[in-house]
Amino acid sequence: MSLPLEIAAAAKTHWVSLNSECAGVNSWSPALQQELNTVLGLSPFVAATLTRDPKLVSQLPELLSVSARDENYRTDLAQELSECKTEMDAMRCLRRFRYQEMTIIAWRDFLAQWPVEKSLNHLSELAEAIIFEAYRWLYRVCCDEFGTPTNGQGEPQPMLIIGMGKLGGGELNFSSDIDLIFTYPENGETQGTRRSIANAQFFTRLGQRLIKLLDQQTVDGFCYRVDMRLRPFGESGPLVMSYAALEDYYQEQGRDWERYAMVKARVMGREMYPQYQELRQMLRPFVFRRYIDFSAIQSLRRMKAMIRSEVRRRGLTNNIKLGAGGIREIEFIAQSFQLIRGGREPQLRKRGLLETLQGIGELDLLEENEVQTLCESYRFLRRLENLLQALHDKQTQTLPDNSLDQQRLAFAMGFKCWEELNQIIIETMSSVHAIFIALIGEEDEEHDNQASVAEHFSELWDMATNREMIRQIFEQDIHMEESEYLVETLLQFKQDLAKKTLGPRGREVLNHLMPKVFHTIFAHPDAQFGFARVLNLLNHIVTRTTYLELLDEHEAALGQLVKLCTASPMISEQLARYPILLDELIDPQHLYHPIEVTEYRRELRDFLARIPEDDMEQQMEGLRQFKQICILKIAAADIAGVLPVMKVSDHLTFLAEAIVEAVVHQAWGQVKEKYGVPTHLKERDGLGFAVIGYGKVGGWELGYSSDLDLVFLHDCPVSVYTDGTKEIDGRQFYLRLVQRIIHIFSTRTASGILYEVDTRLRPSGASGLLVSPIDAFHEYQAQEAWTWEHQALVRARMIFGDEPLQNGFNQVRHDIVSLPRQEESLRQAVVEMREKMRTHLSSKKPGRFMLKQDEGGITDIEFLAQYLVLRFSHQKPLLTTWSDNVRIFESLAQQGVLSLENAQALTHAYTSMRDQIHHRNLLHLSADVAEDKFVPEREHVRSIWQQWLN
């Protein structure tokens, strides 16, 4: 049959390219040239391989003349590896051998020169040869380096490589991953080198190097993607285990899916079979049980439900493995009989699928025509799968959607056109699916499209490894838009679980709990935020079965947990990092009672007292942990409605002040130890040092993630030095102190940073000194500061310092804020600064009101307070008393500057908008709302702004 035009054109292009690299092709026989032309047109993989390797092209006629190449795979490869001196040499050798033999297999597949069984056998034998000969070569290398591993009797110990899945069953795909488990008979130590190591260490190094030898991408490509996740404990488990450890795991913790997987297990290397028989006998009770236990039946039911749900939901016809009637359903039929009856029927203990189907037929477990249909369908679909993967050497089971690849498949499968092949695929998969449905039963009415909400969540958990299926459940049943993030989150969670050591009880509880978790999460209006947070938390506590049981048995506790995590990423992150806090949150007595605002300093001192004073690293960590614990309790009480926004800010501000005090004392101790202290302090209590809080900390208005705007002052005279063995200038001492304070705040430890500290409000900004003498601060404010710096001073207060500095700063602040000012120039300066801020900081979104920067928002309110204080304080000095906006507005009303109505309107607008920002921050949302929100409040603010500042 001549090649279709499109394929022939592709073949011609590849032929020309190949001829330019290897002219010897023209000397081939006409028949072989015709075969080459056909294969070049059908397989871009083969074309690329031959073009890249002229030596392989010259050898091809001789290589193709050997029909049963699998008989010589090991001897040929062993000979080539024997000449390799380094691991790089071995990598090159293995990859070239693999590409050589894969080219020949693809050649025979595309030309239909052998049955599919022979192709699968060659692919499996090739993989085994590459794996085992690579192991033998590496074993000798490692023995030379580390000695030979031996048992207690001094007998050499090998590493057994167990092939799982299709590799174990002798039915490997053309472009399949290989699933492996490494094990060794007995523990012991290596012998023969000066320094011995434990067998476990030897085999771990050997296993790591073997994976690298096979898996690493080099200029020559790679051999196989190696998947070790089927080993005990998955990715979190040891790479290699002894027989005894393997037996203990499977007897104590083995899961049903591991039983299915172990059915196909086969040791690589025939000479290892005697060694493997001991292990196989040990594992047989786990794999094939004499009696069917309840958990096995339950597991089968779950698997059936998963497949049934997937088939009903997806109805895929373009995936020959996962679609209804695909390869996966044939495999399930065979494995279900093996699981149920394999312990009693030796015919069902075979690894290969076709031989298992034969055993099913011999036992009359299926009708003869059904067995025949399944066998023929399996051969057809596996040949189609091999050709599909051999097109581009890619691991796929999805039929192509481009015309050229469709034509290639149709031609290689012996059909005139794609439509004809596609029709046969549909009929074949329909026949398989009919047998599958007959075996597992028709869907009950309750499994119609009117499935209950509870079923949706059970399916969501059962299908949590199937991307398309769970996307459909999210979108069609749970009605979650933009589901991709939820899909990725759930898939990652299920992958992470595979690495955990849960135990049978833990898995049982988790399977019972997860549908409840989903139901609780998606009953919340902000489920899209809570989903990832709750799963992240569960990922951290899942190995603690008592926590899972607590949540499973107490719906109120689960509901409360979901509520807190959904409301606050901060809470969910804290709980994930410190699961012990879960106890405090679940107990309402702890949850609703944060520390009293006046007790933070004492509580922090008690907390740090448990840590040695000279362990600065642990002291810094202790500060961060205390902050996290306190914020957790504040946030929980906030979300539960126990604390209004003003009280939340009070708690956060007093917490920050306590931490500032502790940081100053820690830094003081460190600097004092090195330099002593300035001598002017000898006749005085205190440190001669002050921390001034500006902005939110100055106004008692901190939020959960607020920075600290700080300015540092001292009153050290010019001529003072320190009294330590390493004497320095007193003012230099305070500079070192502030540098140390900032270091303690900003260093990232295991618990993150303490606070972001902003010191740009100091005199002369970023170019000024980090710490100023108080007289220089006064002089700067009086002579050089801009109006906006005086506005900032309205919101400033001392949060740490001794009495002389407290009095000194308060006097400076009062003097500067109450300076007489020319009304028009003040108004102009404030308005210009406001417009400048709006220009630089506003990021207007269509249809949204930006709570801080838009007209009528929080910044307008703050500017009004600052303007009125600066304008009227020289007449009404009591206006300088407070630094927080709410009490400033109260003072402005009491002093007759604002009407009571306007003061209350500004206070209401300010607190309402702050409350909104505050709760949006808890959800990690930006500070904007719909444009129709806060309309009356914004109008009040605009009106008062017009009155004073227009």
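Keep in mind it's a predicted model, so treat the numbers as computed, not measured.
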Could you walk me through whether M241 and R231 pass side chain to side chain contact (heavy atoms under 4.5 Å, CB included), step by step?
CA-CA 9 Å; M241 295 174 75; R231 71 183 189 268; over 6 Å; no

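- Using a cut-off of 4.0 Å between Lys/Arg side-chain N and Asp/Glu carboxylate O, E80 and R98 are scored as not salt-bridged.
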Apply side chain to side chain contact (heavy atoms under 4.5 Å, CB included) to residues L210 and L180 and explain how you reach the verdict.
CA-CA 11 Å; L210 178 59; L180 303 177; 5.6 Å; no

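- The side-chain heavy atoms of R467 and V487, taken from C-beta on, include a pair separated by under 4.5 Å.
- A donor-acceptor pair under 3.5 Å is formed between the side chain of Q389 and the backbone N or O of S175.
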Decide yes or no on side chain to side chain contact (heavy atoms under 4.5 Å, CB included) for M102 and L123, but give the supporting numbers first.
CA-CA 8 Å; M102 292 292 276; L123 289 165; 3.6 Å; yes

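- Salt-bridge annotation for E621 and R624: absent, with no side-chain N of the basic residue lying under 4.0 Å from a carboxylate O of the acidic one.
- Taking both residues in full, the closest heavy atoms of G147 and F202 are given as O-CE1, 3.3 Å, listed atom of the first, atom of the second, then distance.
- When ring centroids are compared, Y273 and Y276 stay outside the 6.0 Å threshold.
- Under the side chain to side chain contact (heavy atoms under 4.5 Å, CB included) rule, D89 has a single partner from K85, E87, M91, which is K85.
- Of all heavy-atom pairs between L354 and E117, the closest is CD1-CG, 3.8 Å.
- Within 6.0 Å of the CZ atom in R108, the count of heavy atoms belonging to other residues, nucleotides or ligands exceeds 12.
- No donor-acceptor pair closer than 3.5 Å links the side chain of N539 to the backbone N or O of L535.
- Pairs engaging residues 43-57 under the salt bridge (charged side-chain N to carboxylate O under 4.0 Å, His left out) rule: none recorded [sequence neighbours left out].
- Other residues, nucleotides and ligands place no more than 12 heavy atoms under 6.0 Å from the CD atom of E617.
- Between atom CD of residue E385 and atom NZ of residue K321 there is a gap of 7.0 Å, rounded to the nearest 0.5 Å.
- Taken to the nearest 0.5 Å, the CG atom of L384 stands 10.5 Å off from the CD atom of Q397.
- The stretch residues 176-185 participates, sequence neighbours left out, in these side-chain hydrogen bond (donor to acceptor under 3.5 Å, both in side chains) pairs: D177-R225, Y184-N187.
- Taken from CD in E145 to CG in L206, the straight-line distance is 10.5 Å, to the nearest 0.5 Å.
- D109 has its side chain out of reach of R383: every pair of non-hydrogen atoms, C-beta onward, lies at least 4.5 Å apart.
- At least one side-chain heavy atom of P158 sits less than 4.5 Å from a side-chain heavy atom of P185.
- Residue M514 holds its CE atom at 7.5 Å from CG of L497, rounded to the nearest 0.5 Å.
- Here the side chains of C142 and F203 are not in contact, with every heavy-atom distance at 4.5 Å or above.
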How far apart are the C-alpha atoms of F182 and L160, what are their side-chain angles, what is the distance that settles it, and do they pass the side chain to side chain contact (heavy atoms under 4.5 Å, CB included) test?
CA-CA 6 Å; F182 298 152; L160 273 65; over 6 Å; no

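- Between R266 and E128 there is a salt bridge, since at least one side-chain N of the basic residue sits less than 4.0 Å from a carboxylate O of the acidic one.
- How far CD of Q619 is from CD1 of I611: 5.0 Å, rounded to the nearest 0.5 Å.
- Side chain of T190 to main chain of F146: a donor-acceptor pair is present (N/O by atom type, distance under 3.5 Å, no hydrogens or angles).
- The pair K166-E331 meets the salt-bridge criterion, since a charged nitrogen lies less than 4.0 angstrom from a carboxylate oxygen.
- Contact detail for I131 and I178: the closest heavy-atom pair is CD1-CD1, 3.6 Å.
- Within the 4.5 Å cutoff, no side-chain heavy atoms of L63 are placed close to those of V66.
- Contact check on R544 versus E549 returns no salt bridge, with no Lys/Arg side-chain nitrogen under 4.0 Å from an Asp/Glu carboxylate oxygen.
- Residues L81 and W137 approach most closely at O-NE1, 3.2 Å, considering heavy atoms.
- When side chains are defined from C-beta on, Y243 counts as touching Q275, because their heavy atoms get closer than 4.5 Å.
- You'll find the side chain of L56 reaches within 4.5 Å of the side chain of L50, heavy atoms only.
- Proximity of a side-chain donor or acceptor of E171 to a complementary backbone N or O of L353 within less than 3.5 Å is detected.
- Contact between R209 and V141 at its shortest, heavy atoms only, is NH2-CG1, 3.6 Å.
- Side-chain atoms of E355 come within 3.5 Å of backbone atoms of G352 as a donor-acceptor pair (strictly under, hydrogens ignored).
- Remark: T356 pairs with Q338 by the side-chain hydrogen bond (donor to acceptor under 3.5 Å, both in side chains) rule, at least two apart or across chains.
- Side-chain N or O atoms of N199 include one that pairs as donor or acceptor with a backbone N or O of T150 at under 3.5 Å.
- Panel note: side chain N72, backbone D76; no donor-acceptor pair is recorded below 3.5 Å.
- Between F45 and Y99, the ring planes are tilted. Angles from 30° to 60° get that label.
- Nearest heavy-atom pair, A265 versus M164, reported as atom, atom and distance to 0.1 Å: CB-SD, 3.7 Å.
- Distance check: N121 CG to K118 NZ gives 9.0 Å after rounding to the nearest 0.5 Å.
- Listed for the N386 side chain is a donor-acceptor partner under 3.5 Å among the backbone atoms of F174.
- Between D393 and S43, the closest side-chain pair of non-hydrogen atoms is not below 4.5 Å.
- Counting non-hydrogen atoms of other residues, nucleotides and ligands closer than 6.0 Å to CD of E62 gives a total of 12 or fewer.
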